[in-house]
Visitor: 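Below is a structure I'd like to ask you about.
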Amino acid sequence: MFDVLGNRFRDIFAGIRGEVRLTPAAVESALREIRLALLEADVNFKVVKAFVSRVRDRAVDRAVLDSLTPDQQVVAIVRDELVALFGKQQAGFAAAGRRQRVVLLLGLQGSGKTTTAAKIAHWLSRQGRRALLVSVDIRRPAAIEQLSVLGGQAGLAVHDPQDRESAAGRALSAVELARADGFDTVIVDTAGRLHIDDELMSELEEISAAVDPTDRLYVADAMTGQDAVRSAGEFHRRAAVSGIVLTKMDGDARGGAALSVVAVVGVPIVFSGSGERLEDLELFRPDRMVSRMLGMGDILTLVDRAEQAAAEQQAEQVERRALPDQFTLEDMRRQMTVIGRMGPLDQVLGLIPGMGALGGGAQIDPKGLTRVAAIIDSMTRDERRRPGLMNGSRRKRVARGSGTSVQEVNRLLKQFAQMRQLLKKVQSGAVGRRSQARRLRQRMRIPGALAP
Amino acid sequence: MPLGLRDRLGAVLRRTAARLGGRLEQIAGAAGHGADASEAARETADAIEEVLLEADVGVAASERIMAAVRHAGAPRGGLQLRTRVQREMLEILSSPPSAPPAAAAPRVVLVVGVNGTGKTTTVGKLASLLRREGCRPLICAADTFRAAAIDQLAVWADRAGVDLVKARPGADPAAVVFDAVEAARARGRDVVLVDTAGRLHTRADLMAELEKIGRVASRAVPGAPHEVLLALDATVGQNGLTQARQFFDHAGVTGIVLTKIDGTAKGGIAVAIACELGLPIRYVGIGEALDDLLPFAAEAYVDALFTKAW
């Protein structure tokens, strides 16, 4: 989602790159551009002011101006300062300090609390934890039911005490049940409220007093504008927020508000939500986000996702088969299944460095993948292993069988041949997936523009 | 405008107005007594720009407003500058066309938007508002995706005292809309209010679904959908402009409903949208009660943004 901001930064730095020596005037004009880019990305205007002046102080230093690579120096400064803005805190849950964890989700209306509650429960269950969900939203029509339905669909435990009417009572009932039934975590989904609504903010304090939460997560919409700092600040003041969950990251919001909230309120972003499926929740990594903002892609997230998805598959097999000579259409088919598990294709591609530069607007057709799968499925085992067998009549048969055309079958076979070629190049010298990941990590430490 | 409406909007916006306006008055005062007049005017302009930016009006629209103001000649003091900014904003907000005339019956009104902007709540409140205005609306639950969305809408339909046409969760939303139009015709209802599922404007497949809903609606009634309202959260930042553009392109949005204006957010992005896309703000949502939806009044809104005393 920070892609658009990333594009702006890329343009700005591309402008600087033309200079042989950096002049104060050139720095000034780049700073103006940076200011605009940040404002358009909804970064709080006070934060922008402070940010620009810090970068200016460091950039007009003689050492930077006189260096042989002034543009790279400026990129490095901007990167440092952005990372500093996001803070260095660790994502995910801090140690609970006691056996039972009670997570309170709070925030404005429509920020995505209920969906996030279910996603966190799902995330915990994948870590081998047992979470009990409870909705204490007694205001919005059908809110309690929404959580029950979500939980039911995903096989998550949802508690709905019919005998408790107050929000605090419902929360307490869930904590008691969890203790009795051996749930290690209780996730309390609260009603959406405005930070200026005194009555509802007091209700929040009552719930807190009743269940003594270990985590108070403020759920924030990534698309929020300048007001984000004010509302998050007020929630923090009244309810001592311990972390932020950033939602709707799959849109194209530039998310500057999130940056501002972290910078001003001083609470770390712990999770980010990027889709409507329960799996679409990730630990937030500030350094990766900065890399993404600066247009360097997010290889580490991609590696994480690939590892996670492949673990469910026969990872070993895929890895071995990735050697070019042994790579067959069968492997391609298997990898497509793995890629499918990593999330929607356009999201996955967005994480690859350079793909952002292709102009974001490139729409990936998920149906295209389905058609390719159908074509491969229509081949015999021999054909999949030895695509050379595919003569005219076989191609016709496969096209008919998969409901596609001969042209599409041709295109696939051609793509497959190219892929094999590409693999040959990539894999020369590569030992395995792990070491590749390690090398990628090393490469990511230094932004692409900063050659040592 | 109905009696008391302006006052209610004013009361809601006053919280922020007091602080904002106060700051501007301060600026204006300082500018009047500055030693260096041009320097003072520049400072005033900077301060006004900051007010606009803080209200999410955005860089482009702010610059356009400031340019138009400067074009009018050197202002005499900060107060005049402020009046000009106000007039320019009013101009932007009141230039788009008002509601399209009701042609066919039943009139089909789609409410669209990204997730969590308040579409369902808006549909409920709009049904009530239209009833009070003497219409006979019918609500259609075309959000068949979000868990319990239909139940939520059923509660609102009940509160507003109007009929609800629904299908099973997961049903084709376009089919539900078609059924609702048929039902409205059979029961003699003149407006069909359609609650659609929230969708991010970046999801091409879901935007195509909206296009399909529109196509199917137009087969049921000529010219449908007659109105497409984009529910926009007042807290939304510059992304609101992208949202509006995408929903405009794919769903033919005809107007904006600015929701949750009862917080401290000022929804200045609506000014940017009116400026760039010429889309009018039709309604504002100011709370969670049944009658907390008001027709938009540009003058009251701009006044509230810029005036200290109401």
Side-chain angles (χ1 to χ4, degrees), chain A residues 1 4 35-36 39-42 44-46 48 108-112 114-115 118 139-153 192 194-197 221-228 230-231 234 247-248 250-257 275-276 344 346 363-367, chain B residues 15-16 49-50 53-60 62 114-121 124 145-156 158-159 169 198-205 231 233-243 246 259-260 262-269 287-288:
Chain A
M1 66 156 208
V4 191
R35 174 179 175 269
L36 279 184
L39 279 173
E40 280 180 5
D42 292 317
N44 182 272
F45 72 94
K46 284 180 189 139
V48 172
L108 300 170
Q109 290 94 339
S111 53
T114 306
T115 307
R139 263 154 244 274
R140 182 164 63 89
I144 293 174
E145 201 178 342
Q146 184 183 349
L147 190 66
S148 298
V149 172
L150 274 176
Q153 282 168 358
L194 288 166
H195 51 291
I196 50 168
D197 188 330
D221 185 329
M223 295 181 282
T224 315
Q226 296 282 330
D227 206 50
R230 192 173 302 130
S231 45
E234 192 59 23
T247 62
K248 306 180 202 172
D250 46 334
D252 55 1
R254 299 176 211 179
E276 291 179 349
D346 48 346
Q363 286 285 349
I364 313 304
D365 180 14
K367 281 198 185 126
Chain B
R15 289 189 269 272
T16 51
E49 196 184 26
E50 242 170 48
L53 288 176
E54 202 196 2
D56 291 315
V57 171
V59 177
S62 298
V114 301
N115 314 66
T117 52
K119 286 173 294 300
T120 306
T121 308
F145 178 78
R146 180 167 61 91
I150 298 171
D151 305 279
Q152 185 184 351
L153 194 63
V155 173
W156 278 106
D158 199 41
R159 285 181 188 169
R199 64 201 75 221
L200 286 179
H201 51 288
T202 47
R203 292 280 302 270
D205 50 339
D233 191 323
T235 59
V236 78
Q238 298 312 301
N239 190 248
L241 194 56
T242 323
Q243 289 173 27
Q246 291 294 322
T259 63
K260 310 183 205 172
D262 46 334
T264 49
K266 288 155 289 282
I269 191 64
E288 290 173 332

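Basis for what follows: all heavy atoms, side chains included, without hydrogens, waters or symmetry-related copies. This structure is a prediction, so every number in the text was calculated from the model and none was measured.
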Visitor: Between A:Asp227 and B:Ala265, which heavy-atom pair has the shortest distance, and what is it?
Guide: OD2-N, 3.2 Å
Visitor: Can you name the closest pair of heavy atoms from A:Leu194 and B:Asp262 and give their distance?
Guide: CD1-OD2, 3.1 Å
Visitor: Identify which of B:Asn115, B:Val155, B:Val114 forms the greatest number of heavy-atom pairs closer than 4.5 Å to chain A.
Guide: B:Asn115
Visitor: For B:Asp56 and A:Asp42: C-alpha separation, side-chain torsions, deciding distance, then whether side chain to side chain contact (heavy atoms under 4.5 Å, CB included) applies.
Guide: CA-CA 8 Å; B:Asp56 291 315; A:Asp42 292 317; 4.2 Å; yes
Visitor: Relative to chain A, which segment of B:Gln246 carries a heavy atom at a distance below 4.5 Å: side chain, backbone, both, or neither?
Guide: neither
Visitor: Looking at CD of B:Glu54 and CZ of A:Arg230, how far apart are the two atoms once the value is rounded to the nearest 0.5 Å?
Guide: 5.0 Å
Visitor: Of the backbone (N, CA, C, O) and the side chain (C-beta and beyond), which part of A:Glu234 lies under 4.5 Å from a heavy atom of chain B, both, or neither?
Guide: neither
Visitor: Mind ranking A:Val149, A:Leu150, A:Thr224 by heavy-atom pairs under 4.5 Å with chain B and telling me who comes out on top?
Guide: A:Thr224
Visitor: For B:Thr259 and A:Gln109, what are the C-alpha separation, side-chain angles and deciding distance, and is it a side chain to side chain contact (heavy atoms under 4.5 Å, CB included)?
Guide: CA-CA 10 Å; B:Thr259 63; A:Gln109 290 94 339; over 6 Å; no
Visitor: For A:Met223, which of B:Leu200, B:Asp233, B:Thr242 qualifies under side-chain contact (heavy atoms from CB on, under 4.5 Å)?
Guide: B:Leu200
Visitor: Test side chain to side chain contact (heavy atoms under 4.5 Å, CB included) on B:Leu53 and A:Leu39 and set out the steps.
Guide: CA-CA 8 Å; B:Leu53 288 176; A:Leu39 279 173; 3.6 Å; yes
Visitor: Do you know which of A:Lys46, A:Arg139, A:Glu276, A:Gln146 has the most heavy-atom pairs with chain B at a distance under 4.5 angstrom?
Guide: A:Gln146
Visitor: What pair of heavy atoms forms the shortest contact from A:Ala142 to B:Asp151, and how long is it?
Guide: CB-CB, 3.7 Å
Visitor: Could you give the distance from CD (A:Glu145) to CD1 (B:Ile150), rounded to the nearest 0.5 Å?
Guide: 10.0 Å
